[in-house]
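Notes to accompany the following structure.
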There are 2 protein chains.
Amino acid sequence: MKHELDIETAANILKLLGDKTRLTMIKILADHECCVCEFVALFQMTQPAVSQHLRKLKDSGLVKESRKGQWVFYSLNPSHTYYDFVRNVISHLPNQLSKLKELEAQGKRISCD
Amino acid sequence: MKHELDIETAANILKLLGDKTRLTMIKILADHECCVCEFVALFQMTQPAVSQHLRKLKDSGLVKESRKGQWVFYSLNPSHTYYDFVRNVISHLPNQLSKLKELEAQGKRISCD
DNA sequence: TTATTATATAAGCATATTCTTATATAAACA
DNA sequence: TGTTTATATAAGAATATGCTTATATAATAA
C-alpha cells in the first residue's frame with residue numbers, strides 16, 4: 001500500500017536531509033545502528049552538536065533510539081510514513097561504509113552483541 | 001551513463017528543495033515552463049519573494065530561464081548533474097496540476113505560442 | 001518619448017539554524 | 001558510595017534564511 005505524500009511535509013523532510021551531517025547520518029543509519037559517540041568520532045564534531053542533529057532527526061520521527069547500557073543507539077525508523085521516500089532519496093548517494101571501516105580500524109566502533 | 005553523486009552537493013540540493021515554495025516550483029517546472037508572474041499568482045506571495053526563490057534555484061543551476069518578450073520563463077535544467085536525482089525525488093510527490101488549472105480558470109496562465 | 005507591465009536587485013528586519021560552552025542526567029564500575 | 005563514561009539539555013553567539021519595502025532594469029504599448 002502506498003502512502004500519499006504531501007508536499008509540505010516532504011519539504012520539511014528534505015530540509016532535515018539538507019544538511020551534510022544529517023544526510024550522512026541517515027545514509028549510515030539506513031544500514032547500521034550507531035550510537036552518539038560513534039558519530040562524534042566520525043564527524044569530528046563536539047558531542048552536543050551531534051546530539052542536537054540526532055534530536056532533530058528523532059523529533060521528526062525519522063530516527064528512533066534505543067538505549068543499550070551506557071550507549072544510546074539510533075536507527076532509521078521503518079514505520080515512518082516517509083521511510084520509503086527517504087530510503088529512495090538516499091539510495092542514490094554514495095555509501096558511507098568507508099567511514100564505518102575507519103571507525104573499526106581505530107577501534108571506535110561500538111557493538112553490543 | 002550514471003553520474004556519481006557526492007553527499008555534500010546532494011545535501012545542498014536537498015536544502016534547496018527543503019522549502020515548500022521551492023519544492024512546489026520544482027515540481028511544477030518539471031513538467032511545465034512557468035514565468036514569474038504565474039508563480040506570484042500561484043503562491044500569493046510578493047513578486048520579489050518569488051524572484052528570490054527562483055534566483056536560488058537558478059544560481060544552483062537546477063533551473064534555467066529564457067526570456068520571451070516581457071516574460072521570463074523558468075524550466076528545469078535537464079543538463080544539471082543532479083537532474084535525475086531531483087526528478088526522482090519529486091516523482092514521489094503529488095502533482096500540482098490543479099494549481100495550474102486554477103491559474104487557467106482565472107485567465108492568469110501565460111502562454112507564448 | 002512616456003507610460004505600463006514584468007522582473008530583478010538592494011537593504012533591512014525577524015526568525016531560524018547551527019554551532020559553542022557549561023551543566024545536568026544516566027548507567028557502569030571501583 | 002564516588003568516579004568515570006555516555007548522552008542530553010540549556011543558553012548564548014554568529015550566521016543564514018526568507019520575508020518586506022523601495023527602487024532599478026527591460027520590454028512593450030500608446
Side-chain angles (χ1 to χ4, degrees), chain A residues 7-8 11-26 29 33-60 62-75 103 106-113, chain B residues 7-8 11-26 29 33-75 103 106-112:
Chain A
I7 209 156
E8 181 159 14
N12 289 332
I13 298 285
L14 294 173
K15 182 185 292 184
L16 271 174
L17 301 183
D19 171 277
K20 185 189 180 182
T21 302
R22 286 192 298 268
L23 186 59
T24 307
M25 284 174 163
I26 288 283
L29 292 178
E33 281 198 335
C34 280
C35 67
V36 183
C37 62
E38 291 177 300
F39 282 133
V40 171
L42 264 181
F43 295 117
Q44 294 169 221
M45 242 176 167
T46 63
Q47 175 268 317
V50 166
S51 268
Q52 284 157 15
H53 280 299
L54 286 168
R55 186 150 64 100
K56 286 197 177 192
L57 293 175
K58 199 187 67 175
D59 286 351
S60 75
L62 233 44
V63 141
K64 57 185 176 137
E65 63 177 32
S66 72
R67 183 173 274 278
K68 296 184 183 173
Q70 44 187 163
W71 298 288
V72 176
F73 281 78
Y74 286 87
S75 59
L103 268 194
Q106 298 174 329
K108 291 184 178 166
R109 185 88 167 98
I110 309 289
S111 148
C112 281
D113 305 328
Chain B
I7 209 157
E8 179 159 16
N12 289 332
I13 298 285
L14 294 173
K15 181 185 295 184
L16 271 176
L17 300 183
D19 171 276
K20 185 189 181 183
T21 301
R22 285 192 298 268
L23 187 59
T24 307
M25 283 174 164
I26 288 282
L29 292 178
E33 281 198 336
C34 280
C35 67
V36 183
C37 61
E38 291 177 299
F39 282 134
V40 171
L42 264 180
F43 294 117
Q44 295 171 221
M45 241 176 168
T46 63
Q47 176 268 317
V50 167
S51 267
Q52 283 157 16
H53 280 299
L54 286 168
R55 185 152 63 100
K56 286 196 176 192
L57 294 174
K58 197 187 68 175
D59 285 351
S60 75
L62 233 45
V63 141
K64 58 187 174 136
E65 64 177 31
S66 73
R67 183 174 273 278
K68 297 185 183 173
Q70 44 188 162
W71 298 287
V72 175
F73 280 79
Y74 286 86
S75 59
L103 268 194
Q106 298 175 330
K108 290 183 178 166
R109 186 85 168 99
I110 310 288
S111 148
C112 282

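Chain A is the first sequence line, chain B the second, and so forth, proteins listed ahead of strands; every chain is numbered from 1. From a predicted model like this one, the values you see are computed outputs, not experimental measurements.
Looking at every heavy atom in both residues, A/Val36 comes nearest to A/Leu54 through CG2-CD1, 3.9 Å. Nearest heavy-atom pair, B/Trp71 versus B/Cys35, reported as atom, atom and distance to 0.1 Å: CD1-SG, 4.0 Å.
For the pair B/Gln44 CD and D/dC19 P, the interatomic distance rounds to 14 Å; values are reported in whole Å. Per the geometry, CZ belonging to B/Arg67 stands 8 Å off P belonging to D/dT28, to the nearest Å. In this entry the distance linking CZ of A/Phe39 with C1' of D/dA6 reads 15 Å, nearest Å. Put simply, CG on A/Leu54 is 10 Å from P on D/dT7, counting in whole angstrom units. Taking atom CD on B/Gln52 and atom C1' on C/dA10, their separation rounds to 9 Å, with Å as the unit. Rounding to whole angstrom units, CG of residue A/Asp59 and P of C/dT18 are separated by 13 Å. Computed from coordinates, the A/Leu16 CG to C/dA16 C1' distance equals 13 Å when rounded to whole Å. Here C/dT17 presents its P atom at 16 Å from CG of B/Leu14, a figure rounded to the nearest Å.
Proximity note for A/Trp71 (side chain, C-beta onward) versus D/dT7, C/dA11, C/dT7: the nearest is D/dT7. The side chain of B/Thr46 lies closest to D/dT20 when the candidates are C/dA27, C/dT17, D/dT20. Taking every side-chain heavy atom of B/Gln70 into account, C/dA6 is the closest of D/dT9, C/dA6, D/dC19. In the set C/dT7, C/dC19, D/dC19, C/dC19 carries the atom at the smallest distance from any side-chain atom of A/Ala49. Taking only side-chain atoms of B/Val36, from C-beta outward, the nucleotide of C/dT7, D/dA11, C/dA10 with the closest atom is C/dT7.
Across all strands shown, B/Glu65 has heavy atoms under 4.0 Å from sugar-phosphate atoms exclusively, and none from any base.
A/Phe39 is not listed as a side-chain neighbour of A/Thr24, based on a closest heavy-atom distance of 4.5 Å or more. At a threshold of 4.5 Å between non-hydrogen side-chain atoms, the residues A/Gln47 and A/Cys37 do not count as touching.
For a distance-only test at 3.5 Å, the side chain of A/Gln47 fails to qualify as a donor-acceptor partner of the base of C/dT21.
B/Arg22 has a side-chain polar atom (N or O) that falls below the 4.0 Å cut-off from OP1 or OP2 of D/dG18. Between A/Tyr74 and the phosphate of D/dA6, there is no side-chain N or O to OP1/OP2 separation shorter than 4.0 Å. At least one side-chain nitrogen or oxygen of A/His53 sits closer than 4.0 Å to the OP1 or OP2 atom of C/dC19. For A/Arg55, a side-chain nitrogen or oxygen approaches OP1 or OP2 of D/dT9 to under 4.0 Å.
Residues A/Lys58 and A/Lys15 both approach DNA chain D. Their nearest nucleotides, taken by heavy-atom distance, put A/Lys58 toward the 5′ side. Two residues, B/Val72 and A/Thr21, neighbour DNA chain C, and the one matched to the more 5' nucleotide by heavy-atom proximity is B/Val72. Residue order along DNA chain D, read from the 5' end via each residue's closest nucleotide, puts B/Lys56 first among B/Pro48 and B/Lys56.
Atom NZ of A/Lys15 and atom CG of B/Asp19 lie 6.5 Å apart (nearest 0.5 Å).
In summary, B/Glu38 and B/Lys108 do not engage in a salt bridge, as defined by a charged side-chain N under 4.0 Å from a carboxylate O.
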